[in-house]
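Notes follow the structure.
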There are 2 protein chains.
Amino acid sequence: MPRVVKHPEVRRGELIAAARALFFEKGYEATSVDEIIGRAGISKGAFYYYFPAKEAVLEALAEQMAREAANETQALVADQTLNGFERLDLFLKHNRRLKVERAPEALALFEALFRPENIALYHHVFTRISRVLIPLVADILQRGMDDGSFLPGDADAMAEILLGLTTTTHDSVAALVGAPSEEAFQVAAAAFQRRWVAQGIVADRILGLPEGSIQFIEPGFAEAFFAGWRLKQAG
Amino acid sequence: MPRVVKHPEVRRGELIAAARALFFEKGYEATSVDEIIGRAGISKGAFYYYFPAKEAVLEALAEQMAREAANETQALVADQTLNGFERLDLFLKHNRRLKVERAPEALALFEALFRPENIALYHHVFTRISRVLIPLVADILQRGMDDGSFLPGDADAMAEILLGLTTTTHDSVAALVGAPSEEAFQVAAAAFQRRWVAQGIVADRILGLPEGSIQFIEPGFAEAFFAGWRLKQAG
DNA sequence: ACAGGACTGACCGTCAGTCAGTAAATGCCT
DNA sequence: AGGCATTTACTGACTGACGGTCAGTCCTGT
């Protein structure tokens with residue numbers, strides 16, 4: 001094969017992109033290094049020139065996704081004129097809007113991340129995302145505790161817990177994207193919606209807000225998600 | 001090798017036991033089927049006579065551990081004379097006592113389950129344990145909501161959330177058992193303790209109990225755990 | 001011209017899984 | 001009770017694929 005030299009950053013990016021596509025498609029374990037290098041158009045040696053092991057690509061990919069998530073959020077926390085609750089509300093509104101606006105990509109992403117064979121991928125990605133988001137959320141909580149919007153407490157630990165809550169929806173989401181039939185999906189979607197409503201109430205109680213203050217998802221999100229899913233099944 | 005025939009249940013049990021020891025020792029991925037059959041004193045073919053794939057042993061092991069956890073808990077929920085809070089308190093007391101009494105085994109178990117290479121094992125085990133415990137906890141919560149011990153709400157979803165909370169301590173426990181030095185362990189132990197205290201407060205608020213009502217771990221648990229760890233490091 | 005960074009591809013050891021066959025247990029007929 | 005047939009439990013050599021290595025080659029900037 002002809003030898004093509006590229007800037008290391010470019011090559012690295014291409015390798016991660018190739019891995020990303022394949023990991024999402026077939027899972028981390030089921031993707032071989034040979035497939036990654038085939039897609040990236042590069043030799044085995046070059047792969048191991050950039051990454052010490054297959055798992056390192058997984059780490060790099062998780063890192064990249066965590067950075068993307070952090071970048072989108074960071075700007076929101078900057079606004080100094082808002083109090084704690086307004087800030088949290090903005091943060092949540094932003095996330096809700098993202099979920100709806102990007103429903104197609106989100107569907108694909110979730111379908112990839114929540115498939116049983118992708119637990120390792122899921123865990124890596126969410127651990128890293130949590131790690132970057134915890135300080136941001138902790139900051140929001142701390143200000144809210146200081147200005148009386150929220151009940152006082154250990155802001156860091158509570159940020160960790162609140163974010164942890166969202167990652168424990170794994171099973172309910174997995175049931176959604178793994179639903180084998182429309183009936184199963186309907187059941188899973190109902191459970192999903194119930195779970196998130198309960199989670200909002202739980203968050204309200206943790207922070208000492210009136211019930212209904214915090215909403216993680218739009219009321220009709222499961223259905224909207226469902227529309228995309230049905231489209232995919234049909235196509 | 002001479003051929004020894006045993007009752008299928010016995011053989012299956014021996015295979016799971018051998019796998020359990022090896023998975024705990026070196027992790028799921030790092031354990032080969034050859035090692036499992038070597039320890040169990042059986043041939044490759046016999047292994048695949050009992051399990052369709054390596055992963056099936058992992059499932060079976062997770063199943064076994066989930067059943068053990070459920071059996072120990074089930075008896076507690078049976079007592080009809082107690083109200084919701086007393087029942088929950090009993091459940092938590094039982095778990096706290098278990099953690100202390102079985103600190104040595106718990107240490108070994110945790111050290112195995114929370115090592116980074118064992119994420120798959122961890123996830124399988126805890127998903128299955130959650131699945132059997134959720135109905136039990138939901139039952140406790142429902143009775144407590146009915147008799148006014150707890151704030152009303154979706155008992156199933158809240159049971160799921162409360163149990164989910166405990167699994168999101170993964171990182172803080174992983175930091176504990178993966179600590180490379182005594183200093184790192186001390187830091188991790190402090191974070192661990194803080195995290196669990198916050199979690200107790202969170203649970204109080206979710207159920208509408210006065211702060212301090214729920215305690216997941218004994219005040220000195222991290223230190224007790226630490227003693228065992230130091231012993232191991234020294235030995 | 002040459003040093004060192006970027007890259008190649010044949011090769012290696014290991015591992016999960018297969019399979020054709022075999023020994024022991026069990027049922028069944030006489 | 002003893003022979004025969006069927007089923008169950010098991011053996012171990014083998015395969016293909018995979019992650020990772022390495023000796024060496026090409027390319028680019030200085």
Side-chain angles (χ1 to χ4, degrees), chain A residues 1-62 115-121 124, chain B residues 1-62 115-121 124:
Chain A
M1 245 190 121
R3 174 179 293 228
V4 182
V5 177
K6 297 189 181 179
H7 272 162
E9 275 178 39
V10 175
R11 256 289 130 75
R12 209 182 128 89
E14 287 176 359
L15 278 169
I16 294 176
R20 181 180 201 142
L22 287 163
F23 289 171
F24 282 4
E25 194 183 312
K26 10 180 357 191
Y28 168 70
E29 307 265 348
T31 300
S32 71
V33 174
D34 282 332
E35 286 173 307
I36 298 173
I37 66 176
R39 194 180 181 105
I42 212 178
S43 73
K44 201 73 167 282
F47 178 91
Y48 283 95
Y49 179 75
Y50 285 101
F51 298 100
K54 185 189 171 190
E55 222 204 323
V57 203
L58 182 60
E59 307 275 349
L61 173 57
R115 283 216 308 276
E117 68 266 31
N118 280 356
I119 290 172
L121 179 59
H124 271 96
Chain B
M1 244 189 120
R3 176 179 293 228
V4 182
V5 176
K6 297 190 180 179
H7 271 161
E9 274 179 41
V10 175
R11 257 288 132 76
R12 209 182 127 88
E14 287 176 359
L15 277 169
I16 294 176
R20 181 180 201 144
L22 286 162
F23 289 171
F24 283 4
E25 194 184 312
K26 7 180 1 191
Y28 168 70
E29 306 264 348
T31 301
S32 71
V33 174
D34 281 331
E35 286 172 306
I36 298 173
I37 67 176
R39 193 180 182 108
I42 212 179
S43 72
K44 199 73 167 280
F47 178 91
Y48 283 95
Y49 179 76
Y50 285 101
F51 298 101
K54 184 189 171 190
E55 220 201 324
V57 203
L58 183 59
E59 307 275 349
L61 173 56
R115 282 216 307 276
E117 67 266 30
N118 280 357
I119 290 173
L121 179 58
H124 271 96

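The chains referred to below are lettered A, B, ... by the order of the sequence lines, with proteins before strands, and numbering in each begins at 1.
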Tell me: [atom1] of [X] to [atom2] of [N], nearest whole Å?
X: A:Phe47; N: D:dC18; atom1: CZ; atom2: P; value: 14 Å
X: A:Lys6; N: D:dG29; atom1: NZ; atom2: P; value: 16 Å
X: A:Phe51; N: D:dT21; atom1: CZ; atom2: P; value: 15 Å
X: A:Tyr49; N: C:dT8; atom1: OH; atom2: P; value: 12 Å

Name the atoms and distances for all side-chain donor-acceptor pairs under 3.5 Å in residues 15-22 of chain A, with sequence neighbours left out.
unit_1  : atom_1 : unit_2  : atom_2 : d
A:Arg20 : NH1    : A:Gln64 : OE1    : 2.8

Contact list (N/O, under 3.5 angstrom) for nucleotides 26-28 of chain C vs protein:
none

Please list, chain by chain and in numerical order, all residues satisfying salt bridge (charged side-chain N to carboxylate O under 4.0 Å, His left out) with B:Lys44, sequence neighbours excluded.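 Partners of B:Lys44 under the salt bridge (charged side-chain N to carboxylate O under 4.0 Å, His left out) test: B:Asp34.
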
I'd like to check the salt bridge (charged side-chain N to carboxylate O under 4.0 Å, His left out) partners of A:Glu35; sequence neighbours left out, ordered by chain and number.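 Counting only residues at least two positions away or on another chain, A:Glu35 forms a salt bridge (charged side-chain N to carboxylate O under 4.0 Å, His left out) with A:Lys26.
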
Among residues at least two apart in sequence or on other chains, which ones pass side chain to side chain donor-acceptor pair (under 3.5 Å) with [X]?
X: B:Ser43; value: none
X: A:Glu29; value: none
X: A:Arg115; value: A:Glu117
X: B:Glu25; value: none

Under the ring-ring contact (aromatic ring centres under 6.0 Å, His included) rule, collect the residues that match up with A:Tyr28, sequence neighbours excluded.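 Testing A:Tyr28 for ring-ring contact (aromatic ring centres under 6.0 Å, His included), a comparison that skips the adjacent residues, returns A:Phe23.
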
So, B:Glu14 and B:Arg11, do they make that salt bridge, N to O below 4.0 Å? yes

With the side chain of B:Ser43 defined as its heavy atoms from C-beta on, choose the nearest nucleotide among C:dA6, D:dA9, D:dT11. D:dT11

Heavy atoms only, 4.0 Å cut-off, all strands: where does A:Tyr50 land among base, sugar-phosphate and nothing?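 Since only primed, P, OP1 and OP2 atoms lie under 4.0 Å of A:Tyr50, the category is sugar-phosphate.
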
Just call it for B:Pro52: base, sugar-phosphate, or nothing, with non-hydrogen atoms closer than 4.0 Å on any strand.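 No contact.
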
Could you tell me the separation between the CD1 atom of A:Ile119 and the CD1 atom of B:Ile119, rounded to the nearest 0.5 Å? 10.0 Å

Show me the protein contacts with nucleotides 22-26 of chain D, counting only N or O atoms at under 3.5 Å.
unit_1 : atom_1 : unit_2 : atom_2 : d
D:dT25 : O2     : A:Arg3 : NH1    : 3.0
D:dT25 : O2     : A:Arg3 : NH2    : 2.8
D:dC26 : O2     : A:Arg3 : NH1    : 3.2

Return each pair, listed once, that meets ring pair (Phe, Tyr, Trp, His ring centres under 6.0 Å) where at least one residue sits in residues 31-50 of chain A; pairs must be two or more places apart or across chains.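 Sorted pair list: A:Phe47-A:Phe51.
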
Could you identify which residues of residues 9-36 of chain A place a heavy atom less than 4.0 Å from some atom of DNA chain D, listed by residue number, or say none?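 Residues of residues 9-36 of chain A that come under 4.0 Å of DNA chain D are, in numerical order, A:Thr31, A:Ser32, A:Val33.
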
